[in-house]
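Have a look at the structure below before the remarks.
Predicted model, so just to flag it, every value in this text is computed and none were measured. Values below: all heavy atoms of this structure, side chains included; hydrogens, waters and symmetry mates excluded.
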Amino acid sequence: MKPITSLLFALICSTSIAQNRPGVGYRHTLTKKTPFATYERYAIEYKGLAIVDGQYLEAKSSHGQKLKSWRSISSEMLDQLPAFPQGPALLYADNIWKSVEVDTIVLGSQHELIISQNGNILERRDLNAHALDTAVAVRVFNPDPLTPYGYGYGGIYVDMNDGNGSVLDSLTIIDSITVNTSSGGAILENKYLKVVDFDAPYIAPSSNPSQWMASRSDNVFEQVMVVYHITLWNQYLDSLGYDSVLNYAIHVDPQALNGQDQSMFNFGYTPPRLYFGEGGVDDAEDADVIIHELSHAISHGAAPNTNTGTERRTFDEAFGDYFAERYGRRLGITSTRVFDWDGNNTFWNGRSISYDGSKNYNTLFFSNIYQHTDLMSSAMLEFSSASGVHPAVADQIILEAVHMLMPNQGLRKIAQNILFADSLITGGAYQSQIQQSFGAPKNILNQSDMKEIAKSNWCQLLYTENGWLLKPLIASEVSVSLFNISGQLLLTTSIEGPLLINDNHVFKIMTTLASGEVMVFKVP
């Protein structure tokens, strides 16, 4: 699918980003403010493909005046861009453009970028910042003792009140975590979290790394689990560009709530806290629970004080379930349910993340926040695994939509935000996959969320929640000119794929073929 071009973004680029080239796009990735300036950072793309190390940076004054700009790719390099790039990404090396694959690896303390071509590794980059920290060997479940091996709860694979170490220890892995150091040695703390004993039962955090290879029957095991999995997921968020969502080290008590069989996120403290109970199976022994609860913190960090209303709170639970499953899928482990170790057993039933084939959003009644989480989590997971969708980009789109959450928002509006987030991140490249995943038969999105307004022999004008969508119906290039109600020309561009028009000043759209044929659409 060819990318959708955003008119609003095209207008920004045409005025503020100099020396553009046909097919070259600029995707905003970050805004940072200092007392002296605002820095807007963009990723440079070519015909929808990522350019490795392609960045544009612009400094603006407090009044919005452009001060200076930088670009990591020279004009000469841009002039050499191939007419028909193969992708999935482009790298300029040895004075030529190469089609490459780029993978970010986050495993234990390992965090690196691998650039390869046709299976041959061209470059490995260590993305870790090495300072006053240290890597320590640990024993953990990854993500739990059952799903990596296809086991279900029962038989010899049971909790036995932490007493089944002889069996369950064999289902652990040995890896390492990077933690801070103090005068007394390593401590269970890094830039993402700090293990703190703030709730009963009061079990002090271990400060002895020799204990961090302990059996799962040891209290230290849950302390190490939360550090390991929270660190890995935060490193992944960093790699997606969302390092500022949780800009603090969250405090975590892996043995809390007086041993109850529940866990929770509490943002009433500074910094916020995560509590993990020990009833039934210890919650902190299951990465699904850890990532689910961390997701509440992520949601709060992106959209504070918005978790109000049954459907909005349903989404927060579904979002946690989605990230918990995505965490496993990044390890190559797929499940139809969440909490495979902590739940789905004699203690409680866990929760489904698969569509049951019958739920229809148009006819649902929400009596509690857990009743229909599967409808939303299954839609998000179907989208992230749909043909043509890069799962990491899907995670970015979901995260971006989380930043748009509002109090009392319904699932339909949240799904429309996901459509809008796709237009911001990919230029709308995944619109059809989102429609398929959230549309019929789930009907979280209605068919009316995208409907035809007008059509010619070579173009179709559609209405969407994100703006007007001009969609070419032929393979050849179409020239497009946009005018306001006074006849003033706003933009002229050439497109081969859909054009998203989200500027409310547009009144007339003129499309022209190379043969000179013209078709004019008036925006309703």
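- Considering all non-hydrogen atoms of both residues, Gly165 and Ser215 come closest at CA-OG, 4.0 Å.
- Judged purely by atom type and a 3.5 angstrom limit, Glu325 uses its side chain to pair as donor or acceptor with the backbone of Ser335.
- In terms of heavy atoms, Leu294 sits closest to Leu246 at CD1-CD1, 3.8 Å.
- Of the possible polar contacts, none joining the Asn161 side chain to the Gly163 backbone as a donor-acceptor pair under 3.5 Å is found.
- The six-membered or imidazole ring of Phe198 lies near that of Tyr275, with a centre-to-centre distance under 6.0 Å.
- Listed for the Asn234 side chain is a donor-acceptor partner under 3.5 Å among the backbone atoms of Ile230.
- Gln371 places a side-chain heavy atom less than 4.5 Å from the side chain of Asn368.
- When ring centroids are compared, His403 and Tyr242 come within the 6.0 Å threshold.
- For Glu311, the salt bridge (charged side-chain N to carboxylate O under 4.0 Å, His left out) test picks out no residue, with sequence neighbours left out.
- Using a 4.0 Å cut-off between charged nitrogen and carboxylate oxygen, Arg337 and Asp321 do not count as a salt-bridge pair.
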For the pair His372 and Phe366, evaluate ring pair (Phe, Tyr, Trp, His ring centres under 6.0 Å) and give the outcome as yes or no after the intermediate values. CA-CA 7 Å; His372 302 304; Phe366 289 78; 5.0 Å; yes
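- Of the possible polar contacts, none joining the Ser299 side chain to the Ser295 backbone as a donor-acceptor pair under 3.5 Å is found.
- Side-chain contact check for Tyr42 and Glu40: no donor-acceptor pair (N or O, by modelled atom type) lies under 3.5 Å.
- Side-chain atoms of Glu400 never come within 3.5 Å of backbone atoms of Ile425 as a donor-acceptor pair (strictly under, hydrogens ignored).
- Looking only at atom types and distance, the side chain of Glu222 has a donor-acceptor partner in the side chain of Gln255 under 3.5 Å away.
- Side chains of Gln431 and Asp422: a donor-acceptor N/O pair is present below 3.5 angstrom, by distance only.
- Ser206 and Asn208 form no side-chain donor-acceptor contact under 3.5 Å, judged by distance and modelled atom types alone.
- Side chain of Asp197 to main chain of Ile203: a donor-acceptor pair is present (N/O by atom type, distance under 3.5 Å, no hydrogens or angles).
- In this structure, the side chains of Asn305 and His300 come closer than 4.5 Å at one or more pairs of heavy atoms.
- Distance check, rounded to the nearest 0.5 Å: CZ of Arg313 to OG1 of Thr306 gives 12.0 Å.
- The two residues Ala318 and Met380 come nearest to each other via the heavy atoms O-CE, 3.7 Å.
- Gln396 contributes a side-chain N or O that, together with a main-chain N or O of Leu240, makes up a donor-acceptor pair within less than 3.5 Å.
- The two residues Thr310 and Ile369 have their closest heavy-atom pair at O-CG2, 3.8 Å.
- Residues Lys413 and Phe315 fail the side-chain proximity criterion, which asks for heavy atoms closer than 4.5 Å.
- Between Asn164 and Val158 there is a side-chain heavy-atom pair separated by less than 4.5 Å.
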Could you give me the CA-CA distance, side-chain angles and deciding distance for Leu445 and Gln416, then say whether side chain to side chain contact (heavy atoms under 4.5 Å, CB included) is met? CA-CA 7 Å; Leu445 285 173; Gln416 291 169 357; 3.8 Å; yes
Going through the checks in order, is the side chain to side chain donor-acceptor pair (under 3.5 Å) test met by Thr308 and Asn408? CA-CA 5 Å; Thr308 303; Asn408 300 302; 5.7 Å; no
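- Cation-pi check for Lys442 over Tyr355 is met; the charged atom lies under 6.0 angstrom from the ring centroid and within 45 degrees of its normal.
- Between Met376 and Ile414 there is a side-chain heavy-atom pair separated by less than 4.5 Å.
- Closest approach of Pro254 and Gln223 over heavy atoms only: CG-CA, 3.7 Å.
- The side chain to side chain contact (heavy atoms under 4.5 Å, CB included) test with Asp342 singles out one residue from Asp144, Asp261, Asp282, and that residue is Asp261.
- For Asn307, the side-chain hydrogen bond (donor to acceptor under 3.5 Å, both in side chains) partners are Arg312, not counting sequence neighbours.
- Side-chain rings of Tyr327 and His229 approach one another, their centers coming within less than 6.0 Å.
- Annotation: salt bridge (charged side-chain N to carboxylate O under 4.0 Å, His left out) contacts of Glu317 (sequence neighbours excluded): Arg351.
- Qualifying side-chain hydrogen bond (donor to acceptor under 3.5 Å, both in side chains) partners for Asn266, counting only residues two or more places apart in sequence or in other chains: none.
- Defined by atom type and a distance below 3.5 Å, a donor-acceptor pair is missing between the side-chain atoms of Glu293 and Ser263.
- Qualifying side-chain hydrogen bond (donor to acceptor under 3.5 Å, both in side chains) partners for Asn362, counting only residues two or more places apart in sequence or in other chains: Arg412.
- Side-chain contact check for Arg139 and Thr172: at least one donor-acceptor pair (N or O, by modelled atom type) lies under 3.5 Å.
- For Asn190 and Asn180, the side-chain atoms include no donor-acceptor pair closer than 3.5 Å.
- Inter-residue side-chain proximity for Asp374 and Ile353 is flagged as unmet; no heavy-atom pair is nearer than 4.5 Å.
- In summary, Arg273 and Asp253 do not engage in a salt bridge, as defined by a charged side-chain N under 4.0 Å from a carboxylate O.
- The only member of Phe267, Phe319, Phe265 that meets side chain to side chain contact (heavy atoms under 4.5 Å, CB included) when paired with His296 is Phe265.
- Trp348 has its ring centre less than 6.0 Å from the ring centre of Phe339.
- Between Trp341 and Tyr153, the ring planes are tilted. Angles from 30° to 60° get that label.
- A donor-acceptor distance shorter than 3.5 angstrom exists from the side chain of Asp199 to the backbone of Leu257, with no hydrogens or angles considered.
- Under the side-chain hydrogen bond (donor to acceptor under 3.5 Å, both in side chains) criterion, Tyr192 pairs with Asp238, sequence neighbours left out.
- With ring centers used as reference points, Phe141 lies under 6.0 Å from Phe221.
- Across every non-hydrogen atom of Asn349 and Asn344, the tightest pair is O-OD1, 2.7 Å.
- Proximity of Ile114 to Val102: side-chain heavy atoms (C-beta onward) are nowhere separated by under 4.5 Å.
- Remark: side-chain polar atoms of Asn247 are not paired, donor with acceptor, to backbone N or O of Val245 under 3.5 angstrom.
- Counting only distance, with no hydrogens or angles, the side chain of Ser378 and the backbone of Ser354 share no donor-acceptor pair below 3.5 Å.
- Geometrically, Arg326 does not engage Phe323 in a cation-pi contact defined by less than 6.0 Å to the ring centre and at most 45° from the axis.
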Worked verdict on Ile397 versus Thr426 for side chain to side chain contact (heavy atoms under 4.5 Å, CB included): CA-CA 9 Å; Ile397 291 168; Thr426 74; 4.2 Å; yes
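- Under the 4.5 Å side-chain criterion, counting only non-hydrogen atoms from C-beta, Val138 is not in contact with Ile174.
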